[in-house]
Amino acid sequence: MSQPSVINIGICGLGTVGQGVWKHLARSRAALESRLGVRLKLHRASVRDLRKARAVRVPASRLTTDPLAVATDPAVQIVCELIGGTGVAREVTLAALRLGKTVVSANKALLCAHGPEIFAAARKNGGHFFFEASVAGGIPIIKALREGLVANRFGLIYGILNGTCNYILTRMEREGLGYAEILADAKRLGYAEADESLDVEGWDTAHKAGILAFLAHGAWVPTRAMLVEGITRITQTDLQFAREHGFAIKLLAVITRDFASDELFVRVHPTLLPLSKVLANVNDVYNGISVTGDVVGETTYIGRGAGQDATASAVISDIADAVILLNRGNSPLPAPVAQRCPLAPPERIRSRYYLRLDVRDRPGVLAQIATATARAGVSIADMVQRPSKHRNAATLLLTTHESNEQAIRATLARFRRLSNVLGEPLLLRIFAS
Ligand code: NAP
Ligand code: HSE
């Protein structure tokens, strides 16, 4: 009997995700090897700092500080890029693909910024690029969109795609804790990006939305063409108001395709989501995605969206697919061929809105607010007054009837011109589908 072939794996980056992959591959290797019919060897790994303590034990002879040496090592067939960012990670990815190697990546920022270049490099040189871990942690959403739902056109995809933000919003609401304290926990637990502003300002969600839009519609939407807002201005007042009115606040990515005009629209913003929706009840570090296809109807996916183990699960699934490809030539369905697609301007949003603003507590101010909204063509549905942190002031919380982005922006512009309005009002959208 012939010996099974050996597949050498190189891991660039042994941080939260890299160590998870090393740990779980070492644990599940025998089972995977028997299913895949090959021997898997963790051949080499790269780090930035050789002296840093690691939770996994890697022989010194297999560690380097040069990720390119791993990516271009002739013995390495599968390169896992788990460094992050768009600098060294891009060099490593392209160097491996140019040598016809297979790259497994968790790097949504890189894919969103350089997707066409990466896929072109893979195609040109016979390499392959797998990226299941780039969106929604352990949820196999890439496989679902690329393979399981291939029969469909997608009018609406929306979801919670950032574990850190969902963890922060959940604990703020449940425990009444401050934002900064919970963010520190999210970092300690390995959920947050090295630059956590990517999480809380909405950019990480935007990167993931860009990848889902590409898989669903074949078009790369740059983040500059998306509406992107984060969670940094959400307070207890907003969370309480939402709960009392039957909503949860979730940072949502919303990807819509209007089949009549063909327009595609990708946006990311904190949203008041009715508690009757499944995703309004997806909490902590969990992500949830609703995908509506014209053939299948609505499908929903829920699972851990960040952290070492969930992400390692997705990376190892890609490694298994890569092995099958290398060993038997079975390739998964390719990603769609990139195409141009008209992008809808933000003015297309129609929504009900929530506004929070601090105003001077004096006669006539409510009338000024009502006049400003009426002049902008926006109709108030509900208004309540709460104590303000400012002296001699009140916090107004209002919701509107359905309006549109132009009218609500005109309302905000009018508010800003009123001397009785203190600071910048907060605007959130209320989900309707
Ligand atoms: P991390 O903990 O910061 O680990 C990054 C690793 O890359 C570390 O081993 C670091 O070395 C190494 N590294 C960083 N900069 C480098 C450089 N300039 N040159 C060489 N090596 C460098 O990050 P992570 O959380 O594992 O994330 C890795 C990737 O997975 C990112 O693309 C991230 O967006 C993605 N991702 C993360 C999660 C998650 O839950 N954490 C989930 C899904 C996807 P040292 O250890 O020596 O510092
Ligand atoms: N920082 C990301 C998150 C990691 O919190 O969702 C998973 O992509």
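If you're wondering where the values come from, they're calculated on a predicted model, not measured in any experiment. Every heavy atom of this structure was used, including side-chain atoms; hydrogens, water molecules and symmetry mates were not. Numbering of ligands and ligand atoms starts at 1, following listing order.
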Checking heavy atoms under 4.0 Å, the part of Gln308 that sits near ligand 1 is neither
Is Leu82 touching ligand 1 with its side chain, its backbone, both, or neither, if touching means heavy atoms under 4.0 Å apart?
backbone
Please identify which atoms of ligand 1 are closer than 4.0 Å to at least one heavy atom of Gly190.
39 (C), 40 (O), 41 (N)
What residue and atom, counting heavy atoms only, is the protein's closest point to atom 42 (C) of ligand 1, and at what distance?
Thr311 OG1, 3.1 Å
Just which atoms of ligand 1 are under 4.0 Å from any heavy atom in Val88?
18 (N)
Under 3.5 Å, is there a donor-acceptor pair between the side chain of Asn152 and the main chain of Val296?
yes
Nearest-neighbour protein heavy atom for atom 2 (O) of ligand 1, which is reported as residue plus atom name and distance
Thr16 N, 2.9 Å
Ignoring hydrogens and angles, state whether a donor on the side chain of Asp382 or His245 is under 3.5 Å from an acceptor on the partner side chain.
yes
Give yes or no for whether the N/O distance cutoff of 3.5 Å, strictly under, is met between Gly13 and ligand 1.
no
min-distance protein heavy atom vs atom 36 (N) of ligand 1 -> Lys108 NZ, 3.5 Å
Nearest neighbour in protein (non-hydrogen) for atom 20 (C) of ligand 1:
Pro67 CG, 4.0 Å
Only pairs at least two apart or in different chains count here, so list each salt bridge (charged side-chain N to carboxylate O under 4.0 Å, His left out) that has a residue in residues 147-157.
Arg153-Asp294
Are Phe259 and Phe154 close enough that their ring centers fall under 6.0 Å?
no
shortest atom 8 (C) of ligand 1-to-protein heavy-atom contact is with Gly15 N, 3.6 Å
Would you please determine whether Gln19 falls within less than 4.0 Å of ligand 1 on a heavy-atom basis?
no
Could you go step by step and tell me if Glu298 and Ser290 meet the side-chain hydrogen bond (donor to acceptor under 3.5 Å, both in side chains) rule?
CA-CA 7 Å; Glu298 184 176 7; Ser290 160; 2.7 Å; yes
For the 3.5 Å polar cut-off, considering only N or O atoms, please tell me whether Ala133 and ligand 1 meet it.
no
Got a donor-acceptor contact below 3.5 angstrom from the Gln236 side chain to the Met172 backbone?
yes
Can you list every protein residue that has a heavy atom under 4.0 Å from any atom of ligand 2, sorted by chain and residue number?
Lys108, Leu161, Asn162, Gly163, Thr164, Tyr191, Ala192, Glu193, Asp199, Asp204, Lys208, Gly305, Ala306
Is the closest side-chain heavy-atom distance between Leu63 and Leu14 below 4.5 Å?
yes
Students should be able to answer this: which protein heavy-atom is nearest to atom 9 (O) of ligand 1, and at what distance?
Leu14 N, 2.8 Å
Does Ile83 approach ligand 1 within less than 4.0 angstrom via side chain, backbone, both or neither, non-hydrogen atoms only?
both
Contact region, Glu132 to ligand 1, non-hydrogen atoms below 4.0 Å, reads neither
Looking only at the aromatic ring of each residue, does the gap between the centers of Phe241 and Phe247 stay below 6.0 angstrom?
no
Got the closest protein heavy atom to atom 31 (C) of ligand 1, with its distance?
Gly84 CA, 3.5 Å
Thr16-Gln308 side chain donor-acceptor pair, cut-off 3.5 Å:
no
Flag for Thr170-Asp284: side-chain donor and acceptor within less than 3.5 Å
no
Heteroatom distance test (Ala306, ligand 1): nitrogen or oxygen, under 3.5 angstrom:
no
So, Asn125 side chain and Leu99 main chain: donor-acceptor pair closer than 3.5 Å or not?
no
Quick one: which ligand 1 atoms are inside 4.0 Å of a heavy atom on Glu193?
33 (C), 34 (O)
Who's the nearest protein heavy-atom neighbour of atom 35 (C) of ligand 1, and how far?
Ala106 O, 3.3 Å
Is Val17 in polar range of ligand 1, meaning some N or O pair under 3.5 Å apart?
yes
Can you list the ligand 1 atoms lying under 4.0 Å from a non-hydrogen atom of Asp49?
47 (O)
Between Lys250 and Asn281, do the side chains contain an N or O donor and an N or O acceptor separated by less than 3.5 Å?
no
Can you list the steps and then say if His401 with Ser403 is a side-chain hydrogen bond (donor to acceptor under 3.5 Å, both in side chains)?
CA-CA 6 Å; His401 289 294; Ser403 184; over 6 Å; no
Provide the number and element of each atom of ligand 1 under 4.0 Å from a heavy atom of Gly307.
39 (C), 40 (O)
Expected output: side-chain Asp199 to main-chain Thr164 donor-acceptor under 3.5 Å:
no
Side chains of Arg146 and Glu132, heavy atoms from C-beta outward: is any pair under 4.5 Å?
no
Contacts under 3.5 angstrom, residues 217-228 side chains, donor-acceptor by atom type, not counting sequence neighbours:
unit_1, atom_1, unit_2, atom_2, d
His217, ND1, Arg257, NH1, 3.1

Any protein heavy atom sitting closer than 4.0 Å to atom 23 (O) of ligand 1?
no
For the pair Asp318 (side chain) and Val104 (backbone), establish whether a donor and an acceptor sit closer than 3.5 Å, ignoring hydrogens and angles.
no
Please list, in number order, the atoms of ligand 1 under 4.0 Å from a heavy atom of Arg54.
9 (O), 45 (P), 46 (O), 47 (O)
Answer side chain, backbone, both or neither: which part of Arg48 comes under 4.0 Å from ligand 1, heavy atoms only.
both
Give the table of side-chain donor-acceptor pairs shorter than 3.5 Å for residues 189-198, with sequence neighbours excluded, one pair per line with atom names and distance.
unit_1, atom_1, unit_2, atom_2, d
Glu193, OE2, Lys108, NZ, 3.0
Asp195, OD1, Ser197, N, 3.0
Asp195, OD1, Ser197, OG, 2.7
Asp195, OD2, Ser197, OG, 3.4
Glu196, OE1, Lys187, NZ, 2.8

Any idea which part of Ser134 is under 4.0 Å from ligand 1, heavy-atom wise: side chain, backbone, both or neither?
neither
Atoms of ligand 1 under 4.0 Å from any heavy atom of Lys52, numbered from 1 in the order shown, are 45 (P), 46 (O), 48 (O)
Sidechain-backbone polar pair: Ser317 side chain, Ser313 backbone, donor-acceptor under 3.5 Å
no
